[in-house]
Amino acid sequence: MTTRRKFLQLGTLASLTPLTKAWGLGKSTSQSSKPVVLSTWNFGIAANVEAWKILSTGGRALDAVEAGARVPEGDPKESSVGLGGLPDRDGRVTLDSCIMDEFANCGAVACLEHIVHPVSVARKVMEKTPHVFLVGEGALRFALSQGFKKEKLLTKESEKAWKEWLKTAQYKPVANIENHDTIGIVALDNKQNLSGACTTSGMAYKMQGRVGDSPIIGAALFVDNEIGAATSTGVGEEVIRIVGSHLVVELMRQGNSPQQACEKAVQRIVKNQPVKSKEIQVGFLALNKNGEVGAYALQKGFTYAVYNQEQGNVLLEAKSYY
Ligand code: ASP
């Protein structure tokens with residue numbers, strides 16, 4: 001199973017991008033640019049490639065973020081999203097996802113089992129139902145009615161990891177390793193419209209029925225086409241407590257840059273949880289209407305990928321509070 005820790009150990013990261021040169025947000029990434037797409041974590045690079053195919057040919061940001069989010073969802077080697085995602089403590093892979101467009105249309109699914117691409121189900125919820133959010137059995141029934149196929153999401157590798165975990169059965173998320181990752185992806189298209197998506201298998205070995213921030217509009221994703229878009233990853237409970245992505249967008253509305261907005265949201269978590277915040281990871285990405293980007297996390301190690309015309313597709317590491 002590919003995990004971020006192994007990935008970093010292999011040194012593959014360095015070969016993907018000039019991480020040292022691009023530490024934090026250098027000038028190049030904060031400059032205005034459109035189209036632009038940014039995604040959380042190392043798998044953001046591959047996600048951005050798919051999103052860019054749409055953005056660079058004049059396509060819509062909404063289509064781009066969906067296409068990008070589907071990449072890690074469909075990759076059985078990614079243990080934190082979609083197929084191959086680590087299960088809950090009962091061995092069930094339950095997926096959470098949401099999507100939001102430039103008109104404030106949004107759709108979400110949570111605790112969805114057996115479907116490889118929850119982001120596409122979330123989009124169908126947005127486009128084909130009078131609702132925003134479907135969960136569990138109802139979400140699955142809806143997905144099947146829309147032609148999605150029922151599949152087994154627990155791979156041999158994720159089952160093995162779960163069985164290993166059962167030996168101690170301790171729920172103790174560790175920052176920046178595979179028991180919590182999510183792809184959050186936000187984009188600005190040529191028409192200067194914003195959209196975003198977020199998708200995850202959630203915290204590994206969570207309680208059955210647990211839902212984190214990832215499918216919650218306002219928590220892990222928010223888009224306001226007048227202002228900007230934001231997304232989050234990390235321990236979802238802390239993001240929900242501050243309605244993180246909505247907070248980031250509202251901070252931008254008050255005149256903060258995307259970078260300042262991400263920093264202030266992280267500081268809010270530290271203020272709420274001065275002790276706990278030292279041990280957990282939360283990261284935010286933000287993009288404003290001018291194509292300026294921001295990224296900030298509690299801990300070191302939060303990587304994200306930015307793709308625009310000027311600099312191509314680069315992997316960066318966000319600055320952090322600790
Ligand atoms: N935010 C996700 C959750 O809490 C996990 C993650 O981003 O790693 O479910």
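All values below come from the heavy atoms of this structure, side chains included, with hydrogens, waters and symmetry mates left out. Order of appearance sets the numbers: ligands from 1, and atoms from 1 within every ligand. If you read the sequence from its start, that first residue is 1, and numbering goes on from there.
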Go through ligand 1 atom by atom and flag the ones less than 4.0 Å from a non-hydrogen atom of T233.
6 (C), 7 (O), 8 (O)
Salt bridge or not for E164 and K160, using N-O below 4.0 Å?
no
So is T182 polar-close to ligand 1, meaning N/O to N/O under 3.5 Å?
yes
Can you pull out every side chain to side chain donor-acceptor pair (under 3.5 Å) where at least one residue sits in residues 127-139? Sequence neighbours excluded, please.
R123-E127
State, without any angle test, whether D213 and S232 hold a side-chain donor-acceptor pair at a distance under 3.5 Å.
yes
Under 3.5 Å, is there a donor on one side chain and an acceptor on the other for S120 and R70?
yes
Could you tabulate the donor-acceptor pairs under 3.5 Å formed by side-chain atoms of residues 263-275, not counting sequence neighbours?
unit_1 : atom_1 : unit_2 : atom_2 : d
E263   : OE2    : Q259   : NE2    : 2.8
K264   : NZ     : N256   : OD1    : 2.7
Q273   : NE2    : E238   : OE1    : 3.3

Is there a polar contact between ligand 1 and D213, counting only N or O atoms under 3.5 Å apart?
yes
If you measure from atom 2 (C) of ligand 1 to every heavy atom of G283, A110, G234, which option wins on shortest distance?
G234
Under a plain distance cut-off of 3.5 Å, with no hydrogens placed, do E73 and H117 share a side-chain donor-acceptor pair?
yes
Numbering the atoms of ligand 1 from 1, which are under 4.0 Å from a heavy atom of G202?
9 (O)
May I ask whether K206 has any heavy atom positioned less than 4.0 angstrom from an atom of ligand 1?
no
Which one holds for R210 and ligand 1: side chain close, backbone close, both close, or neither close, with close meaning a heavy atom under 4.0 Å?
side chain
Would you check the N or O atoms of V235, main chain and side chain alike, for any that come under 3.5 Å of an N or O of ligand 1?
no
